[in-house]
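Hydrogens, waters and symmetry mates play no part in the numbers below; they use all other heavy atoms, side chains included. Start at 1 with the first residue, then count along the sequence.
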Amino acid sequence: MASTWGGTTIPDPQNYSVSEEFVGAQYVAASGALLTDAVASRRRIEISWGVITTAEKDTLLGKATTQATSALVMPGLSSTNVEPVRNSFQASPVGVTPVWDVSCTVRTTA
């Protein structure tokens, strides 16, 4: 299965992890009781790609820095609507003729 983000083909990730992201507040009341105001539960997906081309890095940069909701499809992950987490995109050149190690974080919208 080819990976896509917002309908654009992207390289298959080298690695990704999915964790829970709590939306709401949790606090201790004067009585000592732990109170929770839960609004929603989302998933946070941390994705990394290794040894990709400059063109592929630039495509991912565009997706990761555009604050828009779009569908993300990757191996083992069905189509999921996500939005990029601000300031999470990182890219590091590898070698003299640069290929890139890239990572970013997105969160589900529902």
Side-chain angles (χ1 to χ4, degrees):
M1 168 195 341
S3 296
T4 61
W5 190 349
T8 302
T9 300
I10 60 171
D12 286 336
Q14 180 179 30
N15 195 352
Y16 70 89
S17 63
V18 180
S19 59
E20 179 186 14
E21 182 175 340
F22 172 72
V23 181
Q26 201 168 45
Y27 52 94
V28 178
S31 67
L34 180 63
L35 302 176
T36 302
D37 290 332
V39 176
S41 181
R42 302 285 189 254
R43 299 288 180 253
R44 189 176 191 89
I45 306 169
E46 296 181 26
I47 314 166
S48 62
W49 295 266
V51 191
I52 62 173
T53 66
T54 299
E56 291 170 325
K57 182 228 358 140
D58 291 344
T59 296
L60 292 169
L61 174 63
K63 294 297 183 181
T65 57
T66 301
Q67 207 56 35
T69 299
S70 55
L72 177 65
V73 178
M74 298 185 303
L77 184 72
S78 59
S79 180
T80 305
N81 286 329
V82 298
E83 61 186 5
V85 173
R86 297 286 253 199
N87 299 318
S88 70
F89 182 85
Q90 295 185 10
S92 302
V94 178
V96 177
T97 304
V99 290
W100 297 86
D101 285 341
V102 172
S103 66
C104 72
T105 303
V106 296
R107 67 188 292 266
T108 60
T109 58

Trp49: side chain to side chain donor-acceptor pair (under 3.5 Å) partners, not counting sequence neighbours: none
Does any part of the side chain of Ser92, heavy atoms only, come nearer than 4.5 Å to the side chain of Ser103, both counted from C-beta? no
Partner residues of Ser31 under the side chain to side chain contact (heavy atoms under 4.5 Å, CB included) criterion, sequence neighbours left out: Ala29, Ala33
Rounding to 0.5 Å, atoms CZ (Arg42) and CZ (Arg107) come to a distance of 6.0 Å
Quick check: is Val18 connected to Met74 through a chain of hydrophobic side chains (ILVMFWY, heavy atoms under 4.5 Å apart)? yes
Side-chain contact test, heavy atoms from C-beta onward, threshold under 4.5 Å: evaluate it for Ser3 versus Pro11 and give yes or no. no
Is there a side-chain contact between Cys104 and Leu60 in this structure, where contact means two heavy atoms from C-beta onward sitting under 4.5 Å apart? no
Residues Thr105 and Glu46: side-chain donor-acceptor under 3.5 angstrom: no
Is there a side-chain contact between Arg43 and Glu20 in this structure, where contact means two heavy atoms from C-beta onward sitting under 4.5 Å apart? yes
Taking only residues two or more places apart in sequence, or in another chain, which ones meet Ser17 in a side chain to side chain donor-acceptor pair (under 3.5 Å)? none
Are Val106 and Thr80 close enough, and set up right, to give a side chain to side chain contact (heavy atoms under 4.5 Å, CB included), and what steps lead you there? CA-CA 11 Å; Val106 296; Thr80 305; over 6 Å; no
Indicate yes or no for a side-chain donor-acceptor contact from Asn15 to the backbone of Ile47 under 3.5 Å, with no hydrogens or angles considered. no
May I ask you to test the Leu61-Val102 pair for a side-chain heavy-atom distance under 4.5 Å? no
Test side chain to side chain donor-acceptor pair (under 3.5 Å) applied to Thr8 - qualifying residues, sequence neighbours left out: Lys63
Check the pair Val51 / Asp101 against side chain to side chain contact (heavy atoms under 4.5 Å, CB included), numbers first and verdict last. CA-CA 5 Å; Val51 191; Asp101 285 341; 4.2 Å; yes
Mind checking side chain to side chain donor-acceptor pair (under 3.5 Å) for Thr53 and listing every partner two or more places apart, or none if nothing turns up? Glu56
Hydrophobic clusters join Ile, Leu, Val, Met, Phe, Trp and Tyr when side-chain heavy atoms are under 4.5 Å apart, directly or via other members; which others share one with Val85? none
Between Val82 and Trp5, is any pair of side-chain heavy atoms under 4.5 Å apart? yes
Does Gln67 reach the main-chain N or O of Pro84 with its side chain, forming a donor-acceptor pair under 3.5 Å? yes
